[in-house]
Amino acid sequence: MNFGSLGKRVRTTMPFLLLAALTLWLARATIFAVLTKLGHPGAPLDDTYIHFQYARAIAEGHPFRYHPEDPISTGSTSFLWPALLAVPYAFGLHGEQLMWAAWALSFAALAALAYEAYALTLPLAGRAAGLGAGAMTLGFGGFAWCAASGMEVVPFAWLIAYASRCASEWTEASAQSRTLRRFVWLVVLSVAAPFLRPEGALTSLVVGFAVFLFPRKQHWASRAKALVFLLAAIGPNLFLLALTGQATSSTMQVKLLPGNPYYPLQGFVLARAVLANARDVVSVILNGEIWAAEFLPKGGAVIACAGLVAIAWRGRASGRIFRAAAVIVLGLTIFAPCMYVTFLWNRLRYLWPFATGWFVGLACFARVLGTLASRVEPKSEPAVTALVAGAFAGLLAARLDGVIADVAQSASGIDRQQVALGRWIERALPDSALVGLNDAGAIAYFGDRPTFDIVGLTTPTEGRYWVAGPGSRLEHYERMHARAPASLPTYFAVYPDWMGCDPVLGPLLHEAIVTNATILGGQVMGIYQARYDSLGSGETPWTQVGTIHDTIDVADLESEDEHRYELGGARNGEQVAFEGQAPNGNIVVDGGRTNRTRERFDAHVPPSRARAGKPLRVIARVEAREFGALHVAIDGHAIGRAALDPDGWHEIVLDVPASLVSGTMSVEVTALGTTFTSFHWWFSDAL
C-alpha cells in the first residue's frame, strides 16, 4: 500500500468532507427548525410558491401559463429555477413536498458556493484567505435564509461565482489550454446565468470580455466569437420578445424604476431614486443596520468597501488582474437592484447573490493586513490572515441562530396566512371561482383555483394599473366591468390596505390574522366576495348639465392618454379609490389623483360643436383638505376661479367663453392656497 498516495488523497478530500459536513449540519438545523414549527415542509416566502406554480405548469404541459387557461405570463423572477423544480414535481413531489427538492438543490448550491469563494480567493490571496472566504460564505445568514427559502438565490449566487472563476481561469491559462470544450462550457454558463436571474447578464458580459481579451487564436475572427456572449446576455430578452412581444418580464415591468410613470427621466427623478437606493446599500445594508441587522454586524460598511480596494491590490500583487476585476464586478453587481422601486423585499434576497464578491474582498483585506504584519514579524502573515478572516467569518456565523429562528417563524407566518387561505379556498370556493390576489404564490398553488393577480406578475395585463395606484385600478375595473364582466375576479384574497380599493370588496368570508411574522405584507389577509354594483356610478356629474361633449376621467389611464394628461410631479401613493355620497345621497365611487397643485390636459369637442359659437360649461369633481381655489385657463386665457371647500368632495362649475371653444383646448389648472384631489372633468352644454 502506498501510504504517501493515500495520505495525499485524504488531505485532498478532507476539506470537501468538512465542507459537506458543515453544510449538512446547517441544512439540518434550518430545516429541523421549520419542521418543528410547522410539522411539515414550508417556505418562508410566498414567492417560493410562484416558482412552484410555474414548475407545476411546466410538468403539466402548459409552461408559462400560471393556470392552464391563462394567457402566457412571466411572473417568476427566474426561467431556469421553475424548470429545474418541474423535474421533481413530475416525479411526484407535489404540494409542500416540493420543498424537499428546493432545499436539496439550494443547500447543495450553498456548499458549492462556499467552495467557489475559496477558489476565487486562493490565487489572489492564498490558502488562509481562501478558507476564510469559504467560511464567511457558509456562515453568512443571508445565504442560509435564502437557501431555506427554496428560491433561486443561492443557486444563482453559485452560478455567477463559478462562471466568474471559469472566465478568470480562461485568462490565466496558456493559449493551448483554451480549448474548444472550455469555450463551449463558458457559452453554456453565460446562457444559463441570465436565465436563472436577469442580473446574470452582467456575468455573461464579463465572460465574453475574457474571451475577447484572450481569444483562442490571435486573429479577429476568434475575437469576434465573443459576440456570442453578448447574445447570451440578452438571450432572455429575445426569448421574452418571441414569447410575449415584450422584451422584459412582467416582474421587471412591475418592479423596475425605468418605465414607472412616477420616476421620469425629466428632472433627474429617476437618477435621484437610483442614487438614493445606492446610498442605502452602502450606508444601511453593508453597515448592518435596520433591514440588514439580522445578517451583518453593525458598522461594517467601511471595512466592506476597503475589501474591494484590497481585491484590486491583491490582483496587482498576484498578477491576477482579470480575476480581481471579475470579483469586483461580481461584488458591485449588488447595486443592480438599485434600479428597482425597492430592493427591501424578502429579507434582501435581491442583494445577497452578490455578497460572495464582498466576502472575497474581506478575505483579501485580511491578507493585506497579514502582509503589513509581516513587515514587523516576517512569519506572521499566515496567522494574521487566518485570524482576521476567521474573525470576519465568526462575526457572520454568530447571527445564524437568530437567522434560523427567523426562517422558522417566517415559514410559520406564510403557512398560517397565505397557505391556510389557499387551503380554505380549495375547500370552500366553487370550482368556477376566479380569485383576485396580491400575493400570487401559496394561494394559487394550494387554492387550485384560477387567479387574477392584481399586481400583474402572473396576470400580465394588470401590472400597469398596479404601478399607477388604486385609483387607476378602480377605473380599470370599471372598464372591464363594462366590456367583459366575466373577466373580473369573483372573489378577492388580499391585504385590504395593499389592495387600496375598498369599493370592490364585498362581504368578508374568511380571514387569516398573524401578528408575529414580519415577512408578511400585513397582519390581516382576508377573502372577500367581489362587488361591482357601484362601478360606473362616478361617470356622470351630479351637477345638472346639458349634453356632455368630453370627459376626462382622472386616474383612468386610457382616458388620461387620450387627453394627454400630464402627471406633473405626481408621486407613488398619490392616488385614491374613493367611495362617498352625492348631494342626493346616492353612493358614488371614483378614482382620483391626490396632492395635486397643477393639472394640464387637452379637452376635445366635436368640430360641429366647436363651430356653433356657443359657450361651454366645465364641471370638475374635486376634494380639498383646506380652503383655497382653482384657477382654470383655456389655451392660456383665464376663465375664472372656483372655490375649494374642505367639507368633502364637491363639484365646481365654470364657463368657457364661446371665443375660446375649439376642437382641442389646452386646459391648465392651478391650485391656490391648498392641494386638491382631482377625480373628473366634464365639458358640456349649459342647461
Side-chain angles (χ1 to χ4, degrees), residues 471-472 474-476 478-483 534-568 570 578 582-584 586 588-593 596-624 629-645 649-672 676-687:
S472 294
L474 178 68
E475 301 291 350
H476 173 56
E478 283 189 342
R479 285 181 176 263
M480 292 180 67
H481 189 256
R483 183 180 66 249
S534 296
L535 293 185
S537 58
E539 292 305 292
T540 56
W542 55 67
T543 301
Q544 294 297 307
V545 296
T547 301
I548 296 175
H549 298 290
D550 196 17
T551 300
I552 295 86
D553 193 350
V554 179
D556 182 312
L557 300 185
E558 285 77 11
S559 179
E560 290 182 345
D561 287 345
E562 291 165 4
H563 295 89
R564 296 203 305 162
Y565 181 93
E566 294 181 2
L567 291 179
F578 193 77
N584 62 6
N586 289 340
V588 175
V589 300
D590 207 353
R593 294 189 179 275
R596 305 297 286 166
T597 59
R598 188 180 300 272
E599 293 201 308
R600 208 220 68 82
F601 53 85
D602 288 345
H604 309 290
V605 298
S608 59
R609 178 61 182 83
R611 293 192 298 267
K614 296 179 181 180
L616 277 178
R617 181 148 288 179
V618 181
I619 304 96
R621 182 177 297 145
V622 295
E623 182 188 33
L630 288 184
H631 177 274
V632 182
I634 302 292
D635 292 328
H637 301 281
I639 64 169
R641 292 186 182 185
L644 290 175
D645 187 339
W649 62 353
H650 54 285
E651 292 181 354
I652 62 173
V653 180
L654 291 170
D655 288 323
V656 182
S659 60
L660 295 179
V661 177
S662 62
T664 298
M665 298 173 289
S666 176
V667 183
E668 298 179 26
V669 183
T670 305
L672 304 174
F676 69 105
T677 299
S678 180
F679 293 98
H680 247 104
W681 292 82
W682 294 274
F683 289 77
S684 74
D685 292 332
L687 284 177

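Computed over heavy atoms, backbone and side chain alike; hydrogens, waters and symmetry mates excluded. For clarity, every value in this text was computed on a predicted model and none was experimentally measured.
The line from OG of Ser678 to CZ of Arg621 is 10.5 Å long, rounded to the nearest 0.5 Å. Between the CG atom of Leu630 and the CD1 atom of Ile652 there is a distance of 4.5 Å, given to the nearest 0.5 Å. Note that CZ of Arg617 and CG of Asp655 are 4.5 Å apart. Values are rounded to the nearest 0.5 Å. A distance of 7.5 Å separates CZ in Phe676 from CG in Leu644, rounded to the nearest 0.5 Å. Atoms CD and CD, on Glu539 and Glu478 in that order, are 4.5 Å from each other to the nearest 0.5 Å. Between the CD atom of Glu560 and the CD atom of Glu475 there is a distance of 9.0 Å, given to the nearest 0.5 Å.
Contact detail for Met665 and Leu660: the closest heavy-atom pair is SD-O, 3.6 Å. For the pair Pro541 and Ile619, the tightest heavy-atom approach, listed with the atom from each and the gap, is CB-CG2, 4.1 Å. Between Ser537 and Val589, the shortest heavy-atom contact is OG-N, 2.9 Å. For the residue pair Ser684 and Val545, the shortest heavy atom distance occurs at OG-CB, 3.4 Å.
The shortest side-chain heavy-atom distance between Leu474 and Leu535 falls under the 4.5 Å cut-off. At least one side-chain heavy atom of His549 sits less than 4.5 Å from a side-chain heavy atom of Asp685. With contacts defined as side-chain heavy-atom distances shorter than 4.5 Å, the pair Arg596/Val622 does not qualify. Considering only heavy atoms from C-beta on, Val667 comes within 4.5 Å of Ile634 through its side chain. Side chains of Trp542 and Asn586 form no contact here, defined as non-hydrogen atoms less than 4.5 Å apart. Looking only at side-chain heavy atoms (C-beta outward), Phe578 and Thr677 stay at 4.5 Å or farther from each other. In this structure, Trp681 and His563 have side chains that are not in contact, with every pair of non-hydrogen atoms separated by 4.5 Å or more. Looking at heavy atoms from C-beta onward, Thr551 lies out of side-chain contact with Ser559 at the 4.5 angstrom threshold.
Side chain of Arg609 to backbone of Gly663: no donor-acceptor contact under 3.5 angstrom is found. At least one donor-acceptor pair closer than 3.5 Å links the side chain of Ser472 to the backbone N or O of Ala555.
Under the 4.0 Å criterion applied to side-chain N and carboxylate O atoms, Arg600 and Glu668 are not assigned as salt-bridge partners. The pair Arg479-Asp556 meets the salt-bridge criterion, with a side-chain N (NZ, NE, NH1 or NH2) lying under 4.0 Å from an Asp/Glu carboxylate O.
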Verdict with reasoning, Trp682 to Glu651, per side chain to side chain donor-acceptor pair (under 3.5 Å): CA-CA 10 Å; Trp682 294 274; Glu651 292 181 354; over 6 Å; no

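Listed by chain and residue number, nothing satisfies the ring pair (Phe, Tyr, Trp, His ring centres under 6.0 Å) test with His650 (two or more places apart in sequence, or in another chain). For Asp561, the side chain to side chain contact (heavy atoms under 4.5 Å, CB included) partners at least two apart in sequence or on another chain are Arg464. Annotation: ring pair (Phe, Tyr, Trp, His ring centres under 6.0 Å) contacts of Phe683 (sequence neighbours excluded): none.
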